[in-house]
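Worksheet: the structure to be examined is printed underneath.
As the structure is a computational prediction, the values presented were derived from the model and not from experiment. Proteins get letters first, then strands, A, B, ... in listed order; numbering begins at 1 in each. As a basis for the values below, the full set of heavy atoms in this structure was taken, side chains included, without hydrogen atoms, waters or symmetry mates.
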Amino acid sequence: MSFAVETSIYKYVLKYSARQQVILTLMAVASFPFLYAFYELPKMIVNGAIEAKTVSFPTTLAGIEVDQINYLWILCAAFLLLVVINQAFKYIINLYSGITGERMLRRLRFDLYSRILRFPLPKFRRTSSSEMVTMINSEVEPLGGFIGDAFKLPVFQGGYLIVILSFLFVQNWFMALAAVALYPLQGYLIPKLQRRVRVFSKERVRLVRQLSDRIGETANGIEEIHTNNSARRELADFSGRLGAVYDVRLQIYIWKFIIKFLNNSINQLGPFCFYAIGGWLVINGDLEIGTLMAAIAAHKDLAAPWKELLNFYQRQADAKIKYEQVMEQFQPAGMIEQSRQLDEPEKIEPLTGEVSATGLSLIDETGVPLLESATFSVSSDQHVALVGGGGSGKSDTLHLLANLMEPTGGSIQIGDQKLAALPEAVTGRRLAYVGPSAYLFSNTIRDNLLYGVKHLPLKESTYSDVERRAQDKQLSEAIASGNSTDDLNADWVDYEAVGVGDDDALLQRLFAVLGQVGLKEDVYTIGLRSVLDPESQKGLANKFLEARDQFRERLDDPEISALVEGFDSKLYNQNATLGENLLFGTPVGDIFNMDNLAENEYVNSILDREGLTETLLEAGQQIASTMIELFADLPPGHPFFEQFSFISSDELPEFQSILNRISRDGLGSVLAEERTMLLSLPFKISPSRHRLGVIDDEIQDRVLKARHAFAENLPEQLQGAIEFYDRSTFNSAGTIQDNILFGKLSYGQAGGAERVGEIISQIVIDLGLRDPIMAVGLDFHVGIGGGRLSAVQRQKLGLARALLKRPDILILNEATSSLDGASQTALLASLRDEMQGRGIVWALNRAAMAEGFDQILVMKAGRVAELGTWNDLNKEGSALSELLQSE
Amino acid sequence: MSLNEEVEALRSVPLFAKIEPSKLKLLAFTSDRLTFAAGSELFQEGDPGDAAYIILDGKAEVLINTPNGELAVAKVGKNDFVGEIAILIDVPRTATIRAETELTTLVLSKDLFFRMVAEFPEMAVEIMRELAHRLESTTGQLREANNG
């Protein structure tokens with residue numbers, strides 16, 4: 001897979017698709033005789049078969065005597081056959097060139113992506129991610145098409161052109177010459193004009209790249225834009241950029257249409273010559289009419305290949321430039337060798353012994369020295385604290401230690417191994433690094449934890465025959481495009497690295513590391529709030545029903561029954577909204593979305609049937625008038641609206657006018673849409689929370705009737721849209737907590753939620769469900785960049801990921817600085833405990849935390865200031881005490 | 001218990017007695033109602049305070065810590081307003097309040113209270129007036145104590 005950069009696109013094409021290009025060219029050449037015959041035949045049909053000028057009948061064909069009519073049939077059949085053959089050639093050639101192009105595009109994209117993986121870190125500071133995205137996604141796209149055409153198109157279209165031209169010249173050289181007289185001019189002029197267009201195209205690419213950069217920047221800096229009130233400026237900036245793009249595009253259009261104008265005009269000279277010169281020749285009897293017709297037909301087909309060739313010339317130049325532009329971006333100095341990143345060493349030895357840095361120096365791309373001949377030596381099983389102020393170089397030292405960067409001078413050695421020479425297979429497995437904000441991938445918690453122990457596919461996945469065939473096909477395609485042949489479905493988890501034998505032990509180990517970083521409770525809570533997936537439901541649903549039963553038993557205790565109001569199909573739940581009481585189930589999908597119940601046709605039909613519509617409309621009216629009474633005096637946009645009101649400040653005047661109309665003209669005057677607005681209000685009311693007194697006992701009784709009608713009459717196509725609460729079945733659409741609770745937390749009970757949480761937790765432990773629930777929590781999807789977790793949770797998960805792979809040395813670069821003091825101290829103890837007998841190098845954000853470490857390395861202005869124990873260093877006048885005082 | 005009853009309870013608190021009913025209704029609607037089981041504590045002496053409580057139903061004891069242990073100094077019940085100092089100024093709780101029976105309260109958080117005052121300045125005026133009354137009566141008591 002390793003490759004040096006091919007300097008031009010043709011070299012790239014030849015290197016990876018020479019065989020395909022030869023096949024394509026041969027196919028193109030093979031098609032020419034048929035093409036020539038295709039143009040020759042009409043002449044024979046008109047002159048020979050129809051006009052009988054060149055043939056006298058009966059004649060013999062392949063030894064068989066035929067008359068004129070049969071001769072015509074045979075020639076026409078041959079014509080039809082040639083049509084099919086020629087189109088078949090076109091089809092096969094195009095398909096094959098399409099496949100070649102797509103494979104090469106896939107290869108190119110893969111190559112570029114694999115280069116990103118090997119970029120030196122500073123490169124990422126200079127290149128924005130959106131720029132890389134556009135280059136790999138859209139900019140190389142036309143290259144694929146071009147590669148497929150690289151040789152075949154000039155050969156095929158050029159050959160096509162020559163075939164037609166030679167046919168024309170054979171018919172009458174003078175007429176043919178006149179028809180193509182202006183071609184040389186065209187061939188000279190058009191590329192010149194196209195070059196102009198190309199300059200603009202290049203400019204356009206550049207501008208669009210900057211445009212996408214700006215969009216990316218806006219998304220990243222959105223907080224700054226809001227808090228600096230700079231939206232207007234941003235809009236002006238964007239508008240200016242769009243203007244520049246517009247200008248360039250306009251120029252492109254102008255020149256493109258000038259080219260089109262010239263092309264078409266010159267092409268029409270051909271017919272002019274045929275009619276004038278050809279007509280004159282026919283009249284004089286120097287040319288057969290059939291020949292002229294065939295010539296006109298052939299010339300009509302001449303325009304297409306000629307245009308294709310001219311176009312190709314432009315595309316070729318474009319592709320050359322684009323390839324060079326892109327490649328230039330993708331070969332920064334200091335790229336990691338591919339073999340160092342991907343090769344698998346025969347044996348991976350632990351990185352132990354003396355960690356010694358000698359004359360370490362690092363200079364950033366602007367020439368500023370970050371480290372200057374830093375020299376130190378510590379034992380790899382020691383816990384070393386790295387302290388220093390801003391610009392001390394402690395974080396750069398760790399970058400070097402984690403082999404994230406190469407030093408400008410000097411070297412680091414662990415035992416007898418030189419760090420810079422070690423492949424990532426060693427450093428990435430034997431060392432662990434956690435930075436100040438650990439990145440999580442958009443995946444589940446489990447996948448993020450295991451990220452550090454998935455280096456290569458270890459156990460093949462088991463496939464059915466059908467799956468296997470599909471897999472093999474994928475694989476052979478991947479090989480043809482030089483892509484990765486590793487199977488993503490295989491088991492990549494390195495159990496040995498984790499130190500466990502099977503999945504059960506692995507799970508326990510995951511829980512253990514989560515415990516060490518203090519995430520266990522979080523994962524349990526997340527699990528409790530998650531919906532169980534159908535697969536794990538099979539085994540666990542009954543267990544959770546048991547938990548529900550036990551929880552129910554606890555509800556007999558009056559102290560606890562005050563905290564939760566259980567679901568009962570015969571009772572109105574005072575702590576649930578009217579909507580929830582009516583549905584008495586969990587909506588699946590959007591049909592019975594609680595916010596839009598008033599719009600739902602079926603809900604409305606049930607309300608009508610139970611005579612509830614009018615009642616609820618009146619209730620809606622009452623609620624609306626209360627809301628207006630309460631909130632009308634508040635300015636629009638006041639936070640109370642968002643927090644407390646059922647009506648937004650925008651809707652308030654509208655409701656006001658609806659109510660006025662009702663009090664004047666009665667309920668009948670309300671429009672359908674306004675009815676929905678009113679009707680939607682009571683659905684959101686829960687008697688015990690909102691205390692509006694609108695939903696009285698009578699309405700509650702009728703809602704209960706409607707609840708039963710709703711369930712009984714539910715049409716078949718809506719059956720899947722709701723899962724009803726049923727005491728004896730697991731609600732697969734509800735969260736685990738909801739399933740155990742099977743009810744609603746009572747509103748306004750001091751400490752109620754905590755108490756209920758404790759009871760559930762106790763039951764869960766008694767039934768041995770804590771682990772399964774945590775396992776469900778592990779399947780929680782953390783969102784893009786871990787956005788669905790808090791910053792602290794993300795950081796802890798990053799630490800857990802590092803612990804899981806049992807590194808020889810754990811490198812922590814201010815990895816706990818986002819945590820509060822108490823959690824930092826707890827984590828410090830727990831991590832040091834786990835890493836007993838193995839090494840830690842920890843850049844601390846506060847020097848005071850270094851107390852208790854085996855060694856303390858104090859850095860100052862890129863140099864090592866001191867190295868020693870706390871007691872050695874904590875003296876008057878030492879660099880450490882200076883740091884401690886400044887804190 | 002409906003909103004109107006809560007408004008009535010609020011009205012019986014001198015601090016809010018003269019405030020327009022519609023504002024009180026908003027205050028009631030936006031406030032949480034919290035029920036405490038008998039024996040549980042609303043807050044403890046020394047805690048930072050962030051809310052005041054209007055007792056809607058039930059009874060509670062006011063306790064202070066003395067060197068000889070807890071001492072019950074007062075009893076509070078329906079429509080009593082407790083912990084109000086905490087929403088006006090940042091002082092730790094000066095006493096512990098423990099529910100004697102099941103206690104239903106309306107929680108007036110500091111945040112909410114200040115937002116209401118900011119929104120409706122007439123409320124602030126009424127509250128100022130009430131506080132001035134209290135100051136006046138305390139001063140009066142002090143004078144009497146001195147004279148006596």
Could you tell me which portion of B/Leu24 (side chain, backbone, both or neither) has an atom closer than 4.5 angstrom to a non-hydrogen atom of chain A?
-> neither
Under a 4.5 Å heavy-atom cutoff, which of A/Ala562, A/Gly752, A/Pro635 has the most pairs with chain B?
-> A/Pro635
Could you look at B/Thr30 and say if it's the side chain, the backbone, both or neither that has a heavy atom under 4.5 Å from chain A?
-> both
Considering only NZ, NE, NH1 and NH2 on the basic side and carboxylate oxygens on the acidic side, decide whether A/Asp701 and A/Lys705 come within less than 4.0 Å.
-> no
For the rings on A/Phe641 and A/Phe631, is their centre-to-centre separation under 6.0 Å?
-> yes
Checking heavy atoms, do the side chain of A/Ser746, its backbone, both or neither come under 4.5 Å from chain B?
-> neither
Is any side-chain N of the basic residue among B/Glu5 and B/Arg33 closer than 4.0 Å to the acidic one's carboxylate O?
-> no
Hey, would you say the A/Phe551 and A/Phe742 ring centroids sit under 6.0 Å apart?
-> no
